[in-house]
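See structure below.
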Amino acid sequence: MEDRRANILAVSLLTALTTFIIICRVYLRLNKPFFLLLGASVAACLAVLAWISFRHRFNRRRKLLETKLVSEGRELRIEYSFLRKIAGVPTKFRQSELEDATDKFQSLIGQGASGSVFKGILSDGTPVAVKRINNGEERGDKEFRSEVSAIASVQHINLVRLLGYCVVQGGPKFLVYDFISNGSLANWIFPKSESSNRRCGGCLAWYLRYRVALDVAKALSYLHQDCRSRILHLDVKPENILLDDNFQAVVSDFGLSKLMGRDESRIITSMRGTRGYLAPEWLLENGVSEKSDIYSYGMVLLELVGGRRNVRLVKTENAGKSKTKWEYFPKIVNEKMKEGRLMEIVDPRLMEGGGVDEREVQKLVHVALWCTQERTGLRPSMNMVVDMLGGRAPVEEPPESPMIIVDLLGIDDEESDGSRARFCGVAPSQLSDRRIPSISSYSFSNAMSILSGR
């Protein structure tokens, strides 16, 4: 605007001086006063032209310098962001930045009990997944930030990178992760009817399933053993295991994770996570440990092998009447293993295509049943699981587990009271190495809602 005004003023001055010279020529003719005024007017015109030229050159250099500074500033911001990522330092985002990145949270790519996940692109072009944690989360802002810092500092090829976070006073909390292109494992092992909101998927080949099992074991082993403070994931499930472009497993979603000191054997926390993957000791409010993650991992292994949910409702026909009952996949696996017909539990889609190694099936099933033992002391560590799956340690046949959950899942309406009594009368020592509080306060319907799959 200033340049335009200056140009208008300069043109006006030149026009006025030219008009003045013409008037002087008409009235003064070619006498001495005319030549004096002519010289002064020409000098004034040259001065205006020189001022216009100088201002033009000055403005051009100023614009070039501003463009250079803006470019350097952008490069510095990108470099700073890059260095923060390398150092593992989480970035604190403003809610407005996340709204711009996700187009006001329009691109929903996943949803669970703890929150919703949206796809976005940051200002530097980095594709991200933004998780909005529900307001019901009981953690305070200070504890939330300390856990974010600890989680962001972990660096492992099979763990998704936490890029940053956002805390809104009195509102939701946000976690910003790397975006993984192939979506969750659930899209690749379950039939389409059992996996909602799937953007991509198919039937994952057997050799890739086995590799996924090993990748997840390595990630959990790193969290449990190799971090300064042990990190409990507490929500291990197929939906929280992502597959990158090379179908390498990446464990994600630390929205429910807890830090655990090296001197602690268990921590007490409110019940959270996903139905169907909760360890018995958590259900019975006996505290959680890394063994709770191991139980969830074992349930995921069984789903990898069978291509189906571990707990589901099935319809049965009895005397012309259609009834529904709960089906518990670990019980079926246990029975097939005793009968020597383990291959019958493998995902039928895999059996049609071939390429399934029976020895690997047996190894995965044995490891899964070890991990899902109801006595926490019998479950192996994730380091041991990695060794067993990697062939560095033998895999023995697991002992038979009481599977008390079956008493709940296999009853009819008429038997609910008796079965509930049997369940509540189970000795606590059957579930844990430590004393378990009484569970008589749990109603049958509440227990079923917690134990059942989605």
Side-chain angles (χ1 to χ4, degrees), residues 88 147 150-151 153-161 185 207-238 240-242 248-254 256-267 273 277-282 287-305 330 359-399 401 432-434:
E147 293 180 13
I151 294 168
S153 65
V154 301
Q155 299 289 332
H156 193 277
I157 192 172
N158 298 119
L159 291 174
V160 69
R161 285 194 306 166
L185 177 63
Y207 78 95
L208 289 176
R209 297 192 189 203
Y210 193 89
R211 193 176 73 180
V212 165
L214 186 56
D215 287 343
V216 176
K218 290 177 180 177
L220 293 178
S221 174
Y222 175 81
L223 292 177
H224 293 172
Q225 305 295 331
D226 298 333
C227 294
R228 190 179 300 275
S229 293
R230 282 184 290 178
I231 299 176
L232 309 184
H233 189 284
L234 301 184
D235 200 16
V236 179
K237 58 181 180 178
N240 289 339
I241 300 170
L242 307 180
Q248 188 172 47
V250 180
V251 177
S252 71
D253 198 347
F254 295 87
L256 301 181
S257 63
K258 294 289 289 184
L259 302 183
M260 183 174 176
R262 290 287 173 185
D263 56 342
E264 294 180 289
S265 60
R266 290 176 183 266
I267 57 175
Y277 302 92
L278 295 175
E281 66 272 12
W282 199 356
V288 296
S289 66
E290 70 275 9
K291 298 290 188 177
S292 304
D293 278 348
I294 295 169
Y295 181 92
S296 302
Y297 171 77
M299 298 296 276
V300 171
L301 283 189
L302 292 178
E303 292 181 337
L304 267 173
V305 174
R359 290 175 299 178
E360 290 181 345
V361 171
Q362 185 179 41
K363 182 183 291 186
L364 277 188
V365 169
H366 284 180
V367 170
L369 294 179
W370 274 111
C371 291
T372 54
Q373 290 292 310
E374 291 176 339
R375 291 177 59 94
T376 58
L378 293 178
R379 298 174 203 161
S381 67
M382 288 312 303
N383 276 345
M384 187 178 298
V385 171
V386 172
D387 288 340
M388 288 191 291
L389 293 182
R392 294 183 295 274
V395 184
E396 299 178 359
E397 186 171 333
S401 178
S432 174
D433 299 325
R434 298 176 61 185

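When side chains are defined from C-beta on, L159 counts as touching L223, because their heavy atoms get closer than 4.5 Å. Counting heavy atoms from C-beta outward, V367 and L301 have side chains that approach closer than 4.5 Å. In this structure, T376 and S289 have side chains that are not in contact, with every pair of non-hydrogen atoms separated by 4.5 Å or more.
Contacts of D215 classified as side chain to side chain contact (heavy atoms under 4.5 Å, CB included), with partners at least two apart in sequence or in another chain: N158, R211, Q248, A249. The side chain to side chain contact (heavy atoms under 4.5 Å, CB included) test applied to N383 returns S221, Q225, S381, not counting sequence neighbours. Every residue two or more places apart in sequence or in another chain was checked for a ring-ring contact (aromatic ring centres under 6.0 Å, His included) with Y210, and none qualifies. Every residue meeting the side chain to side chain contact (heavy atoms under 4.5 Å, CB included) condition with R359, not counting sequence neighbours, appears here in chain and number order: D357.
Rounding to the nearest 0.5 angstrom, the gap separating the CG atom in L369 from the CG atom in L364 is 11.0 Å. Remark: K237 NZ to L278 CG distance equals 10.0 Å, nearest 0.5 Å. Note that the CG atom of L232 and the NE2 atom of H224 stand 5.5 Å from one another [nearest 0.5 Å].
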CA sep, side-chain torsions, deciding dist, call: Q155, Y222, side chain to side chain donor-acceptor pair (under 3.5 Å) = CA-CA 9 Å; Q155 299 289 332; Y222 175 81; over 6 Å; no
Decide yes or no on salt bridge (charged side-chain N to carboxylate O under 4.0 Å, His left out) for E281 and R379, but give the supporting numbers first.
-> CA-CA 13 Å; E281 66 272 12; R379 298 174 203 161; 2.9 Å; yes
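Shortest non-hydrogen contact noted between M382 and I294 is SD-CG1, 3.5 Å. Heavy atoms only, all atoms of each residue included: Y295 and A279 are closest at CD2-CA, 3.5 Å. A pairwise comparison of heavy atoms in P380 and V385 identifies CG-CG2, 3.8 Å as the closest pair. Listed here is the closest heavy atom pair of C227 and V154: SG-CG1, 3.6 Å. Looking at every heavy atom in both residues, V212 comes nearest to L185 through CG1-CD2, 4.0 Å. Smallest separation of non-hydrogen atoms from Q373 and P399: NE2-O, 3.1 Å.
In this structure a side-chain-to-backbone donor-acceptor pair under 3.5 Å is present from H233 to S252. With hydrogens and angles ignored, the 3.5 Å screen pairs a side-chain donor or acceptor of S296 with a backbone N or O of Y277.
Residue pairs meeting the salt bridge (charged side-chain N to carboxylate O under 4.0 Å, His left out) criterion with at least one partner in residues 292-302, sequence neighbours excluded, do not occur; the list is empty.
More than 12 non-hydrogen atoms from other residues, nucleotides or ligands lie less than 6.0 angstrom from CE of M388.
Of the options V305, I241, V216, a side chain to side chain contact (heavy atoms under 4.5 Å, CB included) to V300 is made by I241 and by none of the others.
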Acceptor/donor pairs from residues 389-397 side chains to any protein atom, 3.5 angstrom cut, sequence neighbours excluded:
unit_1: R392; atom_1: NE; unit_2: D387; atom_2: OD1; d: 3.2
unit_1: R392; atom_1: NH2; unit_2: D387; atom_2: OD1; d: 3.3

